Amino acid sequence: MRRRLAARLWQSLVVVLIVTTISFVLIRVAPGDPFSYEFTTVSPAIQAQWRHQFGYDRPIPEQFVRYLASIARGEFGYSVMRREPVAAVLAEVVPRTLLLTGLSLALSLVLGIIIGVLQATHRDGWFDRVSSGFLLTLYSLPDFWGAMMIAFVFAYWWQLLPTAGLVDPALHEFMAPWPAAVDRLRHLVLPVASLTLLSMAGITRFQRAALLEILPADYIRTARAKGVAESAVVWRHALRTALAPMIVLLGVMLPALLGGALFVERVFQWPGMGYTAALAIDAHDYDVVTAVVVVGSVMVVVGNLVADVLHAAIDPRVRE
Amino acid sequence: MCCTLQSIRESVSNASRALWRRLLAQRAARWALAIIVLLVVAALVGPPLRATSCVEQLDIVRLMNAPPSWAHPFGTDRFSRDLLARVLCGARISLAVGALAALLATTLGTAYGLVAGYFGGRVDAAMMRLLDAFMSIPRVLLLVAVLTVWAHVPLSGVIVLIGATGWFSVSRLVRAEVMTLRESEFIVAARALGAPVPRILWRHLLPNVAAPVVVSATLGVGNVIALEAGLAYLGIGAPPPTASWGAIFFAGIDLFAGAWWAALFPGLAIVITVLAFNVLGDALRDVLDPRQLHLARPLPDPTLAILSTRQPPENG
Amino acid sequence: MRNSALLIAAVVLLAACTDTKGSRATSAPGGTLVVAIGGDVAEAFPPFVGDENGRMVQDLVFDRLAEIDSSLATLGDKTFAPRLARRWTWAPDSLSIAFDIDPRARWHDGKPVTASDVRYSFRVFTDSSVGSPVASLLTNIDSVSVRDSSTAVVWFKRHIAEQFYDVAYQLVILPEHVYGSIPMDQLHTSEATHRLVGSGQFRFSEWKPGERVVLLADTANYRGRPKVDRLVMTPVDVTTGESQLLTGQADFMEAFPTDHVDKLASNPNARLLAVPKLGYTFMGMNPYEPNRKNVAHPIFSDRRVRRALSMAVDREGLLRNVFGTNGRLGHGPFPMGLGVADSTLRVPPYDTTAAAALLDSAGWRRGTNGMRSKAGRPLRFPLLVFNTSVRNQRYAELLQEQFRRAGAQVDIDRVAPSVFFPRVYDGKFDAMISSFGTDPSPGGARQNWATSGIGPQGQNFLRYSNPRVDALLDSATYSFDPTKRKAYASSAFQQIIDDVPAIWLFDFNFTAAVNRRIDLAPIRLDEWWANLADWSIPTDKRIERDRIGLASAAPKP
């Protein structure tokens, strides 16, 4: 078990290295650099000087090695647009996206399990049909539609909740602790709801299918026939069996969730990793873009690792 | 008896006919298929049949944002273009992008999976690590970053990029199938007879992994259409006046409160199409359960069973 | 459109007649203004400022030596109000002006404003490694010297009519003790330029890119404190901005969507405010090939083609489609609010038959598919437009169709502003839609249309060059007689129009939305925020965020 864990850790490190290389190269080989797009009134000689100062004139392999070295030191470069080190930017925005995706993931898992179990235990009943149809439609919508529709409704018709920002721009820092927390929560509701809607559909479909396979119908029939309190026994068994595939799914859902977060953050202008990356892309702030892609991928790799470990812990069949 | 080449061939062709019948027996699948056929026909013959062109601005002062009428069943957009014609032309773009990108993704994924699954060992380990890396990068983030940073990307480039980032799950599935098939008698026999590797992959293994590939491709079309609509939101895609459904939808969305038709029709088109492909893909998956095709094979690892029969969402 | 002209006239009249100080109903100062801005603040450090939002921050946090008044007259110095300079003295030969710095003037960190700050500012603005877009507008100033700590002398190369205006309008004064220690070529990447220390009525509090900018009232300001406590600028997209205005969460939005303007009539929180601005949008045609700078463009180097394309466009129809009834047609290379604007000039009329004839005679004949070509080359070109302007993009699609009917195929190229501007500066385009936001002086037109404006220091992107226009614009700039100025300017403009370097699309005219509880000060034509310090909120109309008071906005983690 420990050797397996060590092997997985080692493999994850390799994966992270590959991901960093890909992201770095793709962005650095693009035409131009942060300085060629700004400050066009500055003479080319000065621009060349900045390029040299920030190392953009070195060959790409050398730039990459220096980049790795700086990551090892905990630095991720410099954001020319924001005039601060990228590490500081990350420290601010990464926890926010973690919060957003964490809440959505938790919510979608809980909802997914509940609905999936309900569907599987009452297979082909009215709830199963209706909710399956609804979820399939939801699953068929393009990524951000849910977000956009929600933003629209709350912007134009039912102005109950704010549709932009992390907190109230004028009042937040003057609120007492409780109203301030409520303010943050109010700004979180719509983004989390949108992201949850996106992922919930896929998770529930998966859960239902997995349960239908693992939860034999005759087991349920027998339990019912025996008159055993169905909810207690069936639910316990169902939940136990539901957990394992859910953890497997976690690893696959993470990249999807982060991608969805990009859209949702942009629609609601919620300043997490996704929105920051979007602004940085427009401003050709390459260090920030690279850092966000790398960190996002690392989050996925770590998530997969955790999922693997949990899965091994839960399902003895998987442990070799 | 089960696994000689001849017997496999026979059972496959018998199974095909049976599968087809089983597929059409499901009502949802019939509807989905009908809708898809209708859309393809509409995309092919619709634009020439419709009298007004999909780019002509008829009267930018008086006919802008006209509600649906006999002359313009879907109304007109803010540039006084006939929306029915636009949606028909958009069908061509969206369906083409969907089909081509899904085709590319499926091809890449199948090839990768075949190679990794067949060779196994170190080659497989390396390829899987590489695959893990690819799968870790959030797809949308990468697409947006690349497409924006590289500025001028034509529609063909968008198709290639979407296809090139969508093949990961397929390759996993194919690899899993190939690994179980690798030790089958007929493969062993082919190897012993000295058949070259490409022939083994192409002639013997490929037909047998057709099931997950076909399902993947079908679901993939729907996913790509949805993804492409999402990218249109970010301004990525075909330049005006050509427009995919996503682009038409976005152009009309801010008028939603007033001119609801400008966003509703392209929006419905997207949802219905993606839904149809998803339903068809689901039905195909039900029908093409690989355990039907491989008769006497031990039950696979439950995790893999889940992955192989219930494909996780591709949205990454 | 006549209504809009009347409205403009009314605003100008109001601006000219009202004294901005002292005639407001007195109530205790207070209130928070939330301004919804489209797009973020890119740069607010004065030498770097290029975008509107940055300019707004700059104008509120920093001061100039003297401030132009609402008439935007640029001749002489009589219409300028004292700012950092409480008075000024011309040398007898008019080649230098001594500015007497107001002894009450303080930087926001408490240190007094001195003459060496003026000298430092001039150095920063004209330094080549700083590359300020303003540098080319300061070319008539030779140097700035310090006579004593409160007297700065500005030395000029020539005595020209707008001599004073050049100093007063373009030179923003920066504190030497804050920024002076940073080498000039490090300023672009230094963090210090995101911490603004100025002398204006608003002090800088916070700037979080993508989230907000917060300015607080400077209570110890030598000109008196602003009537509001706090200004918060939040970058939002159009939909959110609109809903925030309608619900009262935001107080001002400069570009409220013209499609939804009718909602403001009955909305309890916000009302419509027509904000004229100095600027015009046009479709420019590059007479040179985009990738080979001195080779004539196969399509646009022929004036007949440019004129034909111009006549093929129904500019009025386009205006109605995009703006409804709230638009103002472009009349030429000048904004209509400018003193020397002239709407009697002859613009190519909308005449598709004449356009077709002209294209035929230029050798571009229609083929079987309806598109024109000449010697095997199709009449086809890309149209560059930046993707943050909804209006410009709409115009692009409308123009595409107009040209299609004339037989030209246009491919629309939408790019981000960060890609658009370098390409335009470099001449790497065939046709493009852009705007010139002009300053009040006709001399500003030289930046855009004179031969001296070609190159990195100017803004003559179309590389338009006509010696007659150069001479006329120079005469207009250097003339001391207002009537003659106008005559020279008109002749220059007519010549430019006749040369058809561009198609004049529309004049800047924003439909802004402002919260009803705010008492506005007169809106200056070139910058609506010029008198923001005089905007007030009566005590009986205040809402929660107005009652915060002047506590410092410490940024929350």
Side-chain angles (χ1 to χ4, degrees), chain A residues 11-12 14-16 18-19 22-23 26-27 30-31 136-137 139-145 148 152 156 198 201-203 205-206 209-210 213-214 244-245 248-249 252-256 258-260 262-263 266 274 277-278 281-282 284 286 289 292-293 296-298 300-301 304 311 315 317-318, chain B residues 125 128-130 132-146 148-151 168-169 222 225-234 246 249-250 253-254 256-257 267 270-279 282 285 301-303 305-307 309-316:
Chain A
Q11 288 168 354
S12 300
V14 171
V15 169
V16 168
I18 297 175
V19 162
I22 296 174
S23 326
L26 270 180
I27 292 176
L136 185 60
T137 313
Y139 181 69
S140 308
L141 294 180
D143 274 355
F144 58 89
W145 274 37
M148 268 198 59
F152 234 72
Y156 277 129
L198 288 184
I203 288 184
R205 275 162 48 84
F206 183 80
E213 284 225 1
I214 298 175
V248 171
L249 188 57
V252 189
M253 284 298 298
L254 274 171
L258 279 179
L262 173 71
F263 274 125
R266 196 162 169 146
I281 290 171
D282 278 340
H284 292 268
Y286 289 172
V289 181
V292 168
V293 176
S297 314
V298 168
V300 172
V301 170
N304 273 322
H311 191 203
D315 191 346
R317 285 175 298 181
V318 178
Chain B
M128 281 302 109
R129 289 292 77 74
L130 201 58
D132 280 343
F134 290 146
M135 282 181 89
S136 303
I137 305 181
R139 185 184 192 188
V140 170
L141 191 54
L142 189 67
L143 279 174
V144 172
V146 171
T148 322
V149 160
W150 284 77
F168 313 134
S169 309
I225 294 182
L227 179 64
E228 192 272 330
L231 292 177
Y233 170 64
L234 302 167
F249 176 79
F250 281 107
I253 191 69
D254 54 340
F256 197 60
I270 298 177
V271 176
I272 291 177
T273 309
V274 178
L275 201 52
F277 276 101
N278 280 336
V279 167
D282 271 357
R285 194 158 54 193
D301 167 2
T303 320
I306 294 169
L307 277 180
T309 57
R310 304 296 167 194
Q311 187 182 3
E314 181 67 68
N315 273 353

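Quantities reported herein were computed from a predicted structural model and do not represent experimental measurements. Just so it is clear: chains get the letters A, B, ... in the order the sequence lines come, proteins before strands, and each one is counted from 1.
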Determine the option with the most heavy-atom pairs under 4.5 angstrom with chain B, choosing from A:V16, A:V301, A:T137. A:T137
Heavy-atom pair count under 4.5 Å with chain B, highest-scoring of A:V15, A:V293, A:I22, A:V298: A:V15
Tell me which of these, B:L143, B:T273, B:I272, B:I270, has more heavy-atom pairs under 4.5 Å with chain A than the rest. B:I270
Heaviest contributor of heavy-atom pairs below 4.5 Å to chain A, chosen from B:N278, B:L130, B:V279, is B:N278
I'd like to know whether A:M148 forms a side-chain contact (heavy atoms from CB on, under 4.5 Å) with B:I253, so could you lay out the CA-CA distance, the side-chain angles of the two residues, the decisive distance to 0.1 Å, and finally the verdict. CA-CA 10 Å; A:M148 268 198 59; B:I253 191 69; 3.6 Å; yes
Please report the closest heavy-atom contact between B:A226 and A:P142, naming both atoms and the distance. O-CB, 3.3 Å
Heavy-atom closest pair (B:R129 atom, A:I18 atom, distance to 0.1 Å) is O-CD1, 4.4 Å
Stepwise side-chain contact (heavy atoms from CB on, under 4.5 Å) test for B:M135 and A:N304: CA-CA 11 Å; B:M135 282 181 89; A:N304 273 322; over 6 Å; no
With a 4.5 angstrom heavy-atom cut-off, which part of A:L136 approaches chain B: side chain, backbone, both or neither? both
Tell me, with the steps shown, if A:V300 and A:V19 meet side-chain contact (heavy atoms from CB on, under 4.5 Å). CA-CA 11 Å; A:V300 172; A:V19 162; over 6 Å; no
